[in-house]
Participant: 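Handing you this structure, nothing more for now.
These numbers come from the heavy atoms of this one structure, side chains and all, not from hydrogens, waters or symmetry mates.
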Amino acid sequence: MQPVTRVEGRAYPWGAKNIDTDVIIPAHWLKTITRSGLGRGAFETVRKQPGNIFDDPRYVGAPILIAGDNFGCGSSREHAAWALADMGIRAVIAPSFSDIFSGNAFKNGIVPVVLPQAAIDRLLVAAQDGEVTVDLETMTATTAYQDRFPFHLDAFRRQCLMEGLDEVGLTLARDTAISKFEGAMARHRPWIEGRSRYAGVAVEGGRRT
Amino acid sequence: MKGRLALASAQLSVNAAGIMATRAQTLYEKIWDAHVVERRDDGTCLVYIDRHLVHEVTSPQAFEGLRASGRPVRRPELTLAVPDHNLPTTPRVDAAGQLLPIADPESAQQLDALRRNTAEFGIDYIDATAAEQGIVHVVGPELGFTLPGTTLVCGDSHTSAHGALGALAFGIGTSEVEHVLATQTLLLSPSKTMEVRVDGTLGFGVSAKDVILAIIGKIGAAGGTGHVIEYTGEVIRALSVEGRLTIANMSIEGGARAGLIAPDETTFAYLKGRPMAPQGEDWERAVAWWRTLATDPGATYDQVVTLHASDIAPALTWGTSPEDVVPITGAVPAPDSFADPAKREAAQKSLDYMGLAPGTRMQDVAIQHVFIGSCTNSRIEDLRAAAAVADGRRVADGVRAMVVPGSGLVKRQAEAEGLDRVFTAAGFEWREPGCSMCLAMNPDKVPPGERCASTSNRNFVGRQGPGARTHLVSPAMAAAAAVTGRLSDVRDLMGGGTR
Ligand code: SF4
């Protein structure tokens with residue numbers, strides 16, 4: 001993963017609330033078996049409307065999206081984060097995010113910045129004709145007009161973003177602890193690993209017509 | 001006195017990692033503590049995952065990631081894969097037993113990828129043609145793969161359903177699917193807890209679906225954000241496991257990460273003898289531990305919400321958020337009836353999309369489609385409830401109604417009970433198991449501008465197809481809509497019907 005320390009540039013001043021993952025990337029785009037190319041389907045239904053914000057020449061290609069409450073609600077599809085990343089978005093600023101979406105965003109190098117509604121309201125105005133900067137070093141969002149909004153990021157996730165760390169690799173390094181846990185589990189809850197494997201014989205006849 | 005007794009019993013509880021709990025704990029805290037591999041200074045934990053379900057849509061990139069980094073699956077026996085989202089619900093083999101091709105090349109490619117990936121990595125795979133195939137969240141509990149006190153994940157938000165059996169179950173993204181496959185763990189921060197207690201006894205014609213719609217209507221679509229909900233109270237205790245699955249399934253529609261219901265005798269009776277459930281001595285040991293999981297008296301939740309059964313009527317949604325709930329006796333609300341300006345604007349947008357005018361009685365709204373299915377409502381009890389309404393009646397002219405059993409086992413059971421004949425005689429389509437019309441990923445879709453009474457869980461814009469209008473209802477209410485051709489109060493058709 002590419003390290004992210006600072007996201008700087010134009011921002012889509014959208015502000016829409018409860019943007020669900022079906023809006024970010026409609027279900028018919030989920031039939032891919034790779035991670036790339038989903039930017040074309042991002043916000044497809046919004047982009048069908050004339051004068052929509054994503055096709056506004058002032059913002060096209062902006063690395064930041066400013067949204068309303070509960071951004072990324074709905075399904076767990078990571079395609080939402082892949083689609084945003086593919087259209088060049090590196091940070092989303094909103095008053096709140098769905099839990100699953102914000103986890104997916106982090107893992108794909110997108111910074112989910114939580115700011116209070118008052119700050120969002122100000123950013124929506126400032127972003128109309130100026131750049132916005134999200135700085136992970138200082139944990140602030142700033143505008144060309146001297147606005148400065150501090151935000152909080154989970155320390156571990158911040159480190160992963162800033163150093164571009166691979167989470168699977170980090171966990172694999174904890175192998176001894178995991179094996180030790182599995183040993184205790186085998187004693188205390190033996191039924192967890194001793195489950196019957198699927199053999200296709202659970203029902204007489206096995207196959208259906 | 002009561003408090004001291006409570007504390008004493010809490011002190012006796014020993015979790016499955018052999019750790020003694022010293023204070024009154026909730027069900028969530030007990031399961032969490034039993035699965036912590038390592039705790040970091042910032043409070044995040046490396047949590048062990050006991051059960052992992054995989055389907056074709058959210059897994060290809062995870063397997064691709066493993067392959068790219070040359071990593072194996074750590075514990076293949078803890079994962080089970082089954083295709084569901086993309087599968088057409090038309091017959092899968094012809095009369096001669098030959099496999100029928102899947103018309104959409106992209107769907108076929110994803111389904112192929114699941115078959116190849118599970119074979120390559122040694123994961124149990126239930127094929128599209130197997131009797132056990134079905135929607136991943138119907139299959140898990142039904143086979144006894146889902147167990148109380150386990151941590152269970154799947155790359156799908158409705159994984160919350162499995163919490164009905166007392167499993168801490170939640171949806172994950174594809175990178176996390178890869179993380180679980182490679183390490184059998186996830187790095188997680190503890191959630192806050194919310195108790196949703198439903199007291200009393202449900203009234204005539206009121207089902208589990210109406211209860212969860214009422215809950216979401218009350219807490220809102222973001223009400224549970226950051227929380228794991230535990231459903232408690234007489235109503236929940238009285239529900240079957242099927243009904244509990246309907247409730248826990250839609251926890252995510254209330255914004256919660258997961259929903260839990262404490263395992264009890266109902267749960268144990270449901271699981272006993274299921275093919276993948278523990279057996280013999282393991283079963284006895286497991287039940288003994290499961291009995292200790294219920295929230296201790298005196299344990300506290302971060303939030304408590306209570307509802308009374310007498311306030312819950314057969315319900316449905318009018319808008320494009322699952323929180324847009326009204327009783328069937330109600331009317332479409334006027335956007336200015338909402339105090340919050342954002343909600344007012346959202347309501348106006350919803351009504352424009354739904355093609356509804358404020359003040360219209362819900363029962364006057366005509367529908368063209370009925371979908372009985374999805375991981376919310378496609379189990380045997382759901383089909384029985386719908387069939388009881390459909391029996392001896394006819395699907396109204398101009399309505400297309402389909403019944404899609406949640407799994408092949410549900411389908412067989414229904415056929416053994418003759419429910420398929422009740423449905424087909426009434427003019428419903430009887431189809432093969434899968435996600436079907438719950439989401440517009442397979443050939444079952446609602447055409448633009450048309451209206452569907454659906455037993456699924458999401459009424460989002462475009463969820464059942466571009467421009468499709470969805471009203472979420474219970475199976476009995478869906479059947480009532482099918483036979484009347486409009487949204488209807490199922491109570492008018494029960495008992496005093498035309499049979
Ligand atoms: S039935 Fe619907 S909600 Fe359930 S897993 Fe399938 S698509 Fe998701």
Side-chain angles (χ1 to χ4, degrees), chain A residues 17-18 20 22-23 26-28 30-35 45 68-70 73-79 81 96 98-100 103-104 107-108 154-156 167-169 171-172 174 177-178 180-182 184-185 187-198 200 202-203 205-209, chain B residues 16-18 37-38 40 42 44 46 48 50 57-58 60-61 64 77 80 86 93 106-107 109-110 113 124 126 129-132 143 150 155-157 171-175 178-179 182-185 187 221-222 225-226 257 275-276 278 282 286 321 342 346 408-409 439-441 460-463:
Chain A
K17 291 182 202 248
N18 290 316
D20 60 63
D22 285 77
V23 174
H28 69 95
L30 309 193
K31 293 187 181 177
T32 167
I33 56 170
T34 62
R35 287 175 153 100
T45 45
D69 252 328
N70 205 19
C73 60
S75 94
S76 63
R77 63 186 71 151
E78 194 160 325
H79 306 69
S96 67
S98 95
D99 296 339
I100 303 179
N104 285 338
K107 291 189 176 67
N108 289 280
D154 172 85
F156 172 71
E167 221 178 89
V168 176
T171 304
L172 283 173
R174 312 305 306 152
I178 301 172
K180 194 169 148 234
F181 182 92
E182 285 174 333
M185 184 174 81
R187 288 192 300 281
H188 294 286
R189 292 185 294 141
W191 60 89
I192 296 300
E193 43 185 24
R195 85 160 169 95
S196 313
R197 296 297 292 259
Y198 171 73
V203 165
R207 309 240 131 195
R208 195 175 61 227
T209 52
Chain B
V37 174
E38 275 189 326
R40 289 170 193 268
D42 64 0
T44 54
L46 194 62
Y48 199 80
D50 297 333
V57 181
T58 52
Q61 293 86 352
E64 178 194 62
E77 74 276 20
L80 177 66
N86 270 315
V93 288
E106 287 183 303
S107 294
Q109 171 182 267
Q110 266 193 346
D124 281 357
I126 302 178
T129 56
E132 295 83 355
L143 294 184
T150 53
D156 188 281
S157 56
I172 55 177
T174 300
S175 294
E178 184 178 339
H179 195 276
T183 71
Q184 207 55 45
T185 64
L187 202 54
T225 307
R257 188 75 195 270
M276 293 180 185
D282 268 354
S321 164
L409 299 185
L439 91 172
M441 257 194 108
F460 296 161
V461 167
R463 172 77 178 184

Participant: Which atoms of B:E38 are under 4.5 Å from chain A, going by heavy atoms: the side chain, the backbone, both sets, or neither?
Facilitator: side chain
Participant: What are the two closest heavy atoms between A:R195 and B:D124, and how far apart are they?
Facilitator: NH2-OD2, 3.2 Å
Participant: Would A:D154 and B:R40 pass as an ion pair if we require N to O under 4.0 Å?
Facilitator: no
Participant: What part of B:S175 gets closer than 4.5 Å to chain A, counting heavy atoms only: side chain, backbone, both or neither?
Facilitator: both
Participant: Any heavy-atom pair between the side chains of B:L409 and B:L143 that's under 4.5 Å?
Facilitator: yes
Participant: What residue in B:E106, B:Q110, B:E178 has the most heavy-atom pairs under 4.5 Å with chain A?
Facilitator: B:Q110
Participant: Please state whether the side chain, the backbone, both or neither of B:D42 comes within less than 4.5 Å of a heavy atom of chain A.
Facilitator: side chain
Participant: Given a strict heavy-atom distance threshold of 4.5 Å, which part of B:T185 is in contact with chain A: side chain, backbone, both, or neither?
Facilitator: side chain
Participant: Looking at side-chain heavy atoms only, is the closest gap between B:E77 and A:R197 below 4.5 Å?
Facilitator: yes
Participant: Name the member of A:H79, A:K180, A:K107 that forms the most heavy-atom pairs with chain B at distances under 4.5 Å.
Facilitator: A:K107
Participant: Is any side-chain heavy atom of B:V57 less than 4.5 Å from a side-chain heavy atom of B:N86?
Facilitator: yes
Participant: Under a 4.5 Å heavy-atom cut-off, does chain A meet the side chain of B:L46, its backbone, both or neither?
Facilitator: side chain
Participant: Tell me, for B:A222 versus chain A, whether the close heavy atoms (under 4.5 Å) come from the side chain, the backbone, both or neither.
Facilitator: both
Participant: Are A:N108 and A:E78 close enough that some pair of their side-chain heavy atoms sits under 4.5 Å apart?
Facilitator: yes
Participant: May I ask you to name which of A:D69, A:V168, A:D99, A:V23 has the most heavy-atom pairs under 4.5 Å with chain B?
Facilitator: A:V168
Participant: Given the options B:A113, B:A346, B:G226, which has more heavy-atom pairs under 4.5 Å with chain A than any of the others?
Facilitator: B:G226
Participant: Please determine, among A:L30, A:D22, A:N104, the option with the most heavy-atom pairs under 4.5 Å with chain B.
Facilitator: A:L30
Participant: Any chance the side chains of A:S96 and A:N70 put a donor and an acceptor closer than 3.5 Å?
Facilitator: no
Participant: Measure B:E64 against the heavy atoms of chain A and call it side chain, backbone, both or neither at under 4.5 Å.
Facilitator: side chain
Participant: Highest number of heavy-atom pairs under 4.5 Å with chain A: which of B:L187, B:I126, B:T58?
Facilitator: B:I126
Participant: Can you name the nearest heavy-atom pair linking B:A342 to A:K17, along with the distance?
Facilitator: CB-CE, 3.3 Å
Participant: Between chain B and each of A:P190, A:G103, A:A155, count heavy-atom pairs under 4.5 Å; write down the option with the most.
Facilitator: A:P190
Participant: Can you name the closest pair of heavy atoms from B:S321 and B:A221 and give their distance?
Facilitator: OG-CB, 3.8 Å
